[in-house]
Amino acid sequence: MSEPRSITLPTIDHGPVTLPEPSWCIGHAGDLPEHRADILHRGPDVSLTFRGQHITDACLVQAPFSTIDVPELGSRTPGVSVSVIARTLDPAGLYELAAALDGYADRLRTLADSLLVIATEGDL
Ligand SMILES: [Zn+2]
């Protein structure tokens, strides 16, 4: 098992802040916080693109010094930030979103089936 990592980040309100770095965090290069409460651990993005067009990203996040108590808006509770809904979800919320996307994919397939019939039968 590897040693726990720690990082030290400069802040304007608390000086250098040293804290544990979760194994899933991609680091903070180029994303330095101004205030300690803005420190945000982020995992790698999971992106959805279609024909080169970006649709959404999702990634693990945790704000260890956040003063916000609403998990969906970013808090000390780890979650998954989903850009298309601008919310951070807990596991139950993420499963709920995945189920909604599954249902949407089924509806798109139904539309494709309808379009195929219309195109085949010339019902325009
Ligand atoms: Zn981090």
Side-chain angles (χ1 to χ4, degrees):
M1 191 167 171
S2 63
E3 290 289 316
R5 298 185 301 165
S6 66
I7 54 169
T8 301
L9 298 171
T11 64
I12 60 174
D13 57 346
H14 288 83
V17 174
T18 300
L19 67 156
E21 178 78 309
S23 62
W24 49 264
C25 183
I26 60 173
H28 299 263
D31 187 27
L32 295 177
E34 289 189 7
H35 299 92
R36 187 178 70 171
D38 298 331
I39 294 174
L40 180 69
H41 296 299
R42 292 179 49 95
D45 281 335
V46 175
S47 297
L48 173 61
T49 58
F50 179 70
R51 294 183 177 171
Q53 181 174 353
H54 174 262
I55 297 172
T56 188
D57 290 310
C59 67
L60 289 165
V61 292
Q62 185 211 13
F65 298 103
S66 175
T67 56
I68 298 172
D69 290 331
V70 181
E72 289 196 345
L73 298 179
S75 70
R76 295 177 186 216
T77 303
V80 172
S81 175
V82 181
S83 65
V84 74
I85 60 170
R87 289 284 183 269
T88 298
L89 300 176
D90 62 9
L94 205 53
Y95 283 122
E96 185 182 348
L97 175 61
L101 292 171
D102 282 343
Y104 187 67
D106 286 343
R107 291 170 41 210
L108 289 177
R109 287 183 196 94
T110 299
L111 280 174
D113 292 344
S114 296
L115 183 59
L116 197 56
V117 170
I118 291 169
T120 302
E121 295 179 354
D123 185 19
L124 300 177

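As the structure lists them, so they are numbered: ligands from 1, and atoms in each ligand from 1.
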Test of understanding: with salt bridge (charged side-chain N to carboxylate O under 4.0 Å, His left out), list the residues that count as partners of R42, not counting sequence neighbours.
D45

Throw together a table of side-chain donor-acceptor distances under 3.5 angstrom for residues 52-62, partners on residues two or more places apart or in other chains.
residue : atom : partner : partner atom : Å
H54     : NE2  : D57     : OD1          : 3.4
H54     : NE2  : D57     : OD2          : 2.9
T56     : OG1  : S83     : OG           : 2.9
T56     : OG1  : V84     : N            : 3.0
D57     : OD1  : S47     : OG           : 2.3
Q62     : NE2  : R76     : O            : 2.9

So the protein N/O/S atoms within less than 2.8 Å of the Zn ion (ligand 1) come down to E21 OE1, C25 SG, H28 NE2, H41 ND1

Would you list the atom pairs, donor with acceptor, under 3.5 Å between side chains in residues 86-106 and any protein atom, with sequence neighbours excluded?
residue : atom : partner : partner atom : Å
D90     : OD1  : A92     : N            : 3.3
D90     : OD1  : G93     : N            : 2.7
D106    : OD1  : R109    : NH1          : 3.0

Is it true that H14 and H35 have ring centroids separated by less than 6.0 Å?
no

What's the shortest heavy-atom distance between H41 and I7, and which atoms?
CE1-CD1, 4.2 Å

Honestly curious: do L9 and F65 fall in one hydrophobic cluster under the side-chain, below-4.5 Å linking rule?
yes

